[in-house]
Number of protein chains: 2
Amino acid sequence: MPQPLPFVPAALLNVAALKASCAGCSMHQLCLPMGLDSDDISRLDSIIGKRRRLARDERLYQMDEPFRNLYAIRFGHFKTYQVNAGGEQQITGFQMAGELLGMDAISGDRHHCDAVALEDSEVCEIPFARLEELFGEVPTLLRHFHRIMSQEITREQNVMLLLGNMRAEQRFAVFLVNLSARYAARGYSASSFQLRMSREDIGNYLGLTIESISRLLSRFKKQGWISVDKRELTLLNPAMLKALAAGTEQCSPMA
Amino acid sequence: MPQPLPFVPAALLNVAALKASCAGCSMHQLCLPMGLDSDDISRLDSIIGKRRRLARDERLYQMDEPFRNLYAIRFGHFKTYQVNAGGEQQITGFQMAGELLGMDAISGDRHHCDAVALEDSEVCEIPFARLEELFGEVPTLLRHFHRIMSQEITREQNVMLLLGNMRAEQRFAVFLVNLSARYAARGYSASSFQLRMSREDIGNYLGLTIESISRLLSRFKKQGWISVDKRELTLLNPAMLKALAAGTEQCSPMA
DNA sequence: CGAATGTTTGATAGGCTTCAAGTGGGGTGG
DNA sequence: CCACCCCACTTGAAGCCTATCAAACATTCG
């Protein structure tokens, strides 16, 4: 089921030309065109390749595939994961509308992980070679691109902190609070949203098992901090969850 | 004690002008100027700020400090770490000569972690604003910079895999093999080197305790895979360590 | 309706942490 | 010069958090 695009006047969505451009995309305030004037946006538009729709579980790219494009998510959700020699996989992130996929492929000219749609989704193909050409003409774009890459670095550092130092309860609270903030930034409810990923995916991302995630959900529910029905989630006590995430509030045992 | 600079003809080192330039730096094949012709290297030289020496345990920058410069390590070693609200710290990386510090600060205009010298070290200050100007004139430099940032992203993804999926033994093997490869790339011995960081730092980085690191060192020594004397380390069975790191070889219990 | 998949819950086990004590080297001050 | 102390490290014992194993339950889809 495709995601609704909130906060975009219907008039804009009805104009095909605009709809197919960055200016008309509901995500342009969060995505690559952030901060560009309309002139520069149209320059960016001119290099954007075709849009690509993916069904749930469809793969956008695969590890070791040659790198040609970055991808901006128009709507939908993705996960990215690595597979090591032993066949174990580690999910390195969940991405949503307005976020950029593929930056880890720049250094080696081939993709370093797999990207898979968690639901029916659509991305903009951004040919990286042409983007590089554009950097010379649009310094604002270049600076914003650097910020995006840097942000990805800090995001991963935060995950390292999570995986290296936190107990299961805190990890899970961080995960929920993070999702909440990102939905809020997109104009969705901060307290009520749908988990697009399976319990197994969450566990893999957080360095825990599916059973642990299930138990955490049950415990948080029993404490009255959240309510869950399948993948429909509501944060009933965001303050407590934030305190848990920050480490202000103590961890209680899993039993 | 300052590190020796290997593989640089003494003639070069004796010319002060060259010594102070990227062209004369033993790390220019690994560092920012990689792949630049001599013309572009001198352009890069012209924007490089002052060199800065740091004593062991001295801090290069601190979290939340305003971001002005990237730093290229000329010699020595650093660690970078985050501190969360609860005061817990997580080391996000160990950096050595030829590597770049501070890229995580671009997105927020302030440093996202602390950087501390593990021994007497020297860095080149690279004013980021001037570097950005130079990007417009030297596309090769820009492309290499993107590769460096992307490489940092993939490095962190590998750490996420390590922290999320691996047992203590495998983590430690990955750590040793990684150090070995980086020293080899710098012309040092791949099998024999000094650990510049404390056991506690290693443990913090790998998501383990100092006691676990100590036990791992003892076990690896007992197995004949390494020899250790204080911080002097020799890999006696690199193949086994690589197999452990890859997950090909099974983990044995810690007892 | 039945098989397959995803999830929940319980019992047990194990790997690593925590707590504790001891070792050893380097530096300092007498 | 040497005794002392401090710090980093090592080693042992016990406990806990989470994984693993197992089974039941729910849901989806053919």
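Quantities reported herein were computed from a predicted structural model and do not represent experimental measurements. So you know, we letter chains A, B, ... as the sequences are listed, proteins then strands, and number each from 1.
Atom pair A:Lys230:NZ and D:dA26:P shows a separation of 12 Å (rounding to whole Å applied). In this structure, A:Leu217 places its CG atom 10 Å from P of C:dT7, rounding to the nearest Å. In this entry the distance linking CG of A:Leu206 with P of D:dA19 reads 10 Å, nearest Å. Put simply, CZ on B:Arg199 is 13 Å from C1' on D:dC7, counting in whole angstrom units. One can place CD of A:Glu232 at 17 Å from C1' of C:dT7, the figure rounded to the nearest angstrom. Taking atom CD1 of residue A:Ile210 and atom P of nucleotide C:dT9, one finds them 13 Å apart after rounding to whole Å. B:Glu200 places its CD atom 14 Å from the C1' atom of D:dT10, with the value rounded to the nearest Å. The CG atom of A:Leu195 sits 10 Å away from the P atom of C:dT8 (whole-angstrom rounding).
Here B:Arg171 lies out of heavy-atom contact (under 4.0 Å) with every strand. Residue contacts shown for B:Gly207 are limited to sugar-phosphate atoms, with no base heavy atom under 4.0 Å away. Residue-level contact check: A:Ser214 touches the bases, meaning some heavy atom is under 4.0 Å from a base atom.
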Give the C-alpha distance, both sets of side-chain angles, the deciding distance and a yes or no for side chain to side chain donor-acceptor pair (under 3.5 Å) between B:Gln170 and B:Arg167.
CA-CA 5 Å; B:Gln170 191 177 3; B:Arg167 312 223 152 271; over 6 Å; no

Side chain to side chain donor-acceptor pair (under 3.5 Å) evaluation trace for A:Thr92 with A:Gln82:
CA-CA 7 Å; A:Thr92 51; A:Gln82 283 198 97; over 6 Å; no

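The side chain of B:Glu211 lies closest to D:dT11, out of C:dT17, D:dT11, C:dT8. Set against D:dT18, D:dT20, C:dT17, the side chain of A:Thr209 has D:dT20 as its closest nucleotide. For B:Arg215, the side-chain atoms get nearest to D:dA13 when compared with the rest of D:dC9, D:dA13, D:dT20.
Using the six-membered ring where Trp is involved, B:His111 and B:Tyr61 have ring planes that are parallel, under 30° apart on the 30 and 60° scheme.
Contact check, A:Ser218 against C:dT9: a side-chain N or O comes under 4.0 Å of OP1 or OP2. OP1 or OP2 of D:dC9 sits under 4.0 Å from a side-chain N or O of B:Arg231.
One finds a salt bridge joining B:Arg53 and B:Glu122 here, because a Lys/Arg side-chain nitrogen approaches an Asp/Glu carboxylate oxygen to under 4.0 Å.
Across all non-hydrogen atoms, the minimal contact from B:Phe94 to B:Ile202 is CZ-N, 4.3 Å.
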